[in-house]
J.: 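The structure is given below, and queries will be raised subsequently.
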Amino acid sequence: MLQAVDGSIVNVAVPQIQNELGGSLATVGWVVTGYALASLIAMPLSAGVAARVGVRAYFVAQVAAFTAASVACASSRSAATLIAFRVLQGFSAGGLLPLSQGILMSLYPAERRGTAVALVGFAAVLGPLFGPPIGGALTDRFGWPSIFWVNVPLGLASLLLLRNLHVQPPPRPEGLDLRGAALLAAAIVSLQLGVAHHAWLLAPALLLGWLFVRRERSVRSPAVDLSVLRYRPLAGTLAAAPLYGIGLYASIFLIPLLFERQLSMSATDTGIALAVGAVTSGVLIVCAQPLLTRFRARSLCAAGAVLFAVAMLLLARIARTSSGDVYLPQALRGAGTGLLYIGMNGFAFEGIDGHDLSTSASLFYLLRQLGGTAGVALAAIALDGFGQTGMVVGLLVLAAAAPLSLVPMSAASRRAASGGEQAGVSA
């Protein structure tokens with residue numbers, strides 16, 4: 001929850017930060033961008049570091065560093081200082097989400113892992129839902145430093161609760177491939193900046209990514225243990241994660257613009273409509289355990305993909321005609337993303353234990369986030385270039401993205417089944 005709220009709470013305070021600390025909007029924008037980049041870099045590396053120093057010790061250190069960085073951010077008196085401490089905050093926040101999921105899954109038996117999915121998913125949904133309104137209220141009443149001070153009691157409460165955390169397996173005393181970590185960081189930064197600002201950076205991003213994968217598959221102590229790809233359901237889900245991210249984040253980017261620009265809805269009414277989707281998604285995620293007990297994970301993914309696609313088609317019709325009911329598509333969108341989240345987690349992590357859990361979760365969230373970044377950038381290009389037509393086409397493309405995400409998962413399932421049959425014949 002701490003990490004999820006902070007990822008969105010700062011956005012609404014950027015204008016006030018610029019007015020008080022000075023600097024151009026592009027410079028102050030790095031208060032958000034620096035945090036996001038640092039978080040993305042830390043996310044896949046967190047599992048490897050935790051495996052070497054101990055999951056509990058590293059998790060506690062991350063929370064403590066996040067809390068200390070929040071104090072430093074609140075005390076900053078220049079834009080450069082604030083950006084530097086936001087980068088530190090991002091590095092300490094990057095591992096919180098995947099490590100949370102890995103820890104919770106290790107504490108529950110395999111048949112009850114849906115409960116862990118529900119707990120992490122509910123926090124991830126509530127963060128973006130409550131972050132902006134909390135940030136706006138605090139900024140208006142107490143000024144922008146208050147959005148960082150609010151992290152301090154939450155962080156201290158987390159540290160008190162973590163005193164009772166006991167998690168296995170024990171740490172592995174081995175080194176960390178720093179060259180591989182550097183290649184990964186350079187690839188992520190190049191990719192993020194290439195998608196958002198400078199397209200020419202996409203070529204070096206792909207080259208750096210290829211060099212990273214090649215190195216990590218050959219070194220003895222990789223920074224990111226890519227051997228988890230031996231789990232075929234996980235590999236299929238990781239291939240689907242960018243498409244899931246595109247649908248999730250691009251739709252959240254496009255919908256407010258559709259409602260406010262074309263339908264002339266107020267910001268308040270738009271917020272209420274978006275909240276409908278968050279509520280339906282949250283309700284389903286809370287019910288993850290009974291859903292995974294009753295239905296196959298692939299069936300939940302298929303149902304979620306259909307609901308999300310129908311929602312995007314309804315929104316495309318609204319974008320074309322500039323009229324229509326906005327609440328039903330939001331309810332369907334929230335239900336679709338919720339079912340996809342539950343199904344993907346249930347499908348991906350079956351049979352995975354130990355340190356592999358945190359590594360697998362970090363890769364899933366990283367690829368989802370990278371897909372979301374690309375989706376938002378492409379949606380912005382479509383709107384800038386084609387206006388209302390771009391909005392319609394963008395929503396139609398998103399309608400196809402969710403069903404397409406099922407293709408690599410289905411292929412992985414068939415390969416896993418084929419491998420099982422071959423093993424049975426050999427036996």
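Quantities reported herein were computed from a predicted structural model and do not represent experimental measurements.
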J.: Does any part of the side chain of I255, heavy atoms only, come nearer than 4.5 Å to the side chain of L315, both counted from C-beta?
T.: yes
J.: For C301 versus M409, what's the shortest heavy-atom pair and its separation?
T.: SG-CE, 3.5 Å
J.: Between S405 and M344, does the side-chain contact (heavy atoms from CB on, under 4.5 Å) criterion hold? Intermediate values first, please.
T.: CA-CA 10 Å; S405 70; M344 283 184 166; 4.1 Å; yes
J.: Regarding Q289 and T293, do their side chains bring together a donor and an acceptor under 3.5 Å, going by distance alone?
T.: yes
J.: Given 3.5 Å as the limit, does a donor-acceptor pair link the side chain of Y327 with the main chain of G277, or not?
T.: no
J.: Any heavy-atom pair between the side chains of V224 and L226 that's under 4.5 Å?
T.: yes
J.: Without swapping roles, check the side chain of Q262 against the backbone of A319 for a donor-acceptor pair under 3.5 Å.
T.: yes
J.: Is there a donor-acceptor pair closer than 3.5 Å between any side-chain N or O of S299 and the backbone N or O of F295?
T.: no
J.: So W149 and S70, do their side chains get closer than 4.5 Å, heavy atoms only?
T.: no
J.: State the CG-CG distance between L193 and L37, to the nearest 0.5 angstrom.
T.: 6.0 Å
J.: Between CD of Q192 and CD of Q369, what distance do you get to the nearest 0.5 Å?
T.: 7.0 Å
J.: Do I285 and S281 touch side chain to side chain, with heavy atoms closer than 4.5 Å?
T.: yes
J.: Does R86 count as lying over the ring of Y35, i.e. NZ or CZ under 6.0 Å from the six-ring centre, within 45 degrees of the axis?
T.: yes
J.: Would you give the length of the straight line joining atom CD of Q101 to atom CG of L96, rounded to the nearest 0.5 angstrom?
T.: 13.5 Å
J.: Nearest 0.5 Å please: distance from the CG atom of L202 over to the CG atom of L206.
T.: 6.5 Å
J.: R317 vs L313, test: side-chain contact (heavy atoms from CB on, under 4.5 Å). Steps then yes/no.
T.: CA-CA 6 Å; R317 182 186 179 193; L313 292 174; over 6 Å; no
J.: Compare every heavy atom of S323 with every heavy atom of L263, then report the nearest pair and how far apart it is.
T.: CD2-N, 3.9 Å
J.: Would you say the side-chain atoms of S251 pair up with the backbone N or O of L248, donor to acceptor, closer than 3.5 Å?
T.: yes
J.: Look only at the side chain of S76 and the backbone of A72, and say whether a donor-acceptor pair between them is shorter than 3.5 Å.
T.: yes
J.: Can any side-chain N or O of R368 pair as donor or acceptor with the backbone N or O of Y244 at less than 3.5 Å?
T.: no
J.: Would a 4.5 Å heavy-atom cut-off, applied to side chains only, mark I318 and L395 as touching?
T.: no
J.: Does the side chain of S78 pick up a donor-acceptor pair with the side chain of T81 at under 3.5 Å?
T.: yes
J.: What are the two closest heavy atoms between A401 and L243, and how far apart are they?
T.: O-CB, 4.0 Å
J.: Indicate the atoms forming the closest heavy-atom contact of L99 with A50, along with that distance.
T.: CD2-CB, 4.0 Å
J.: Which atom pair, heavy atoms only, marks the closest approach of G180 to F212?
T.: O-CD1, 3.2 Å
J.: Does any N or O in the side chain of T280 come within less than 3.5 Å of the main-chain N or O of A331, such that one atom is a donor and the other an acceptor?
T.: yes
J.: Is there a side-chain contact between L162 and F59 (heavy atoms, below 4.5 Å)?
T.: yes
J.: Using side-chain contact (heavy atoms from CB on, under 4.5 Å), reason through L332 and F308 one step at a time and then give a plain yes or no.
T.: CA-CA 6 Å; L332 294 176; F308 185 85; over 6 Å; no
J.: Looking only at heavy atoms, which two atoms of L238 and L367 are closest? And how far apart?
T.: O-CD1, 3.5 Å
J.: Please determine whether a side-chain nitrogen of the Lys or Arg among D356 and R230 lies less than 4.0 Å from a carboxylate oxygen of the Asp or Glu.
T.: yes
J.: Would you check if the side chain of Q62 reaches a backbone N or O of S92 as a donor-acceptor pair within less than 3.5 Å?
T.: yes
J.: Please test R333 against I252 for side-chain contact (heavy atoms from CB on, under 4.5 Å), starting from the C-alpha separation and ending with a verdict.
T.: CA-CA 10 Å; R333 179 185 65 84; I252 294 175; 3.9 Å; yes
J.: Quick one: does L396's side chain get under 4.5 Å of M312's, heavy atoms only?
T.: no
J.: Once rounded to the nearest 0.5 Å, what's the spacing between atom CZ of R163 and atom CG of L160?
T.: 5.5 Å
J.: Does a side-chain heavy-atom distance below 4.5 Å link L257 with F253?
T.: yes
J.: Do the rings of Y365 and Y341 sit parallel, tilted or perpendicular, given the 30° and 60° boundaries?
T.: tilted
J.: With rounding to the nearest 0.5 Å, note down the distance linking OG in S100 to CE in M105.
T.: 11.5 Å
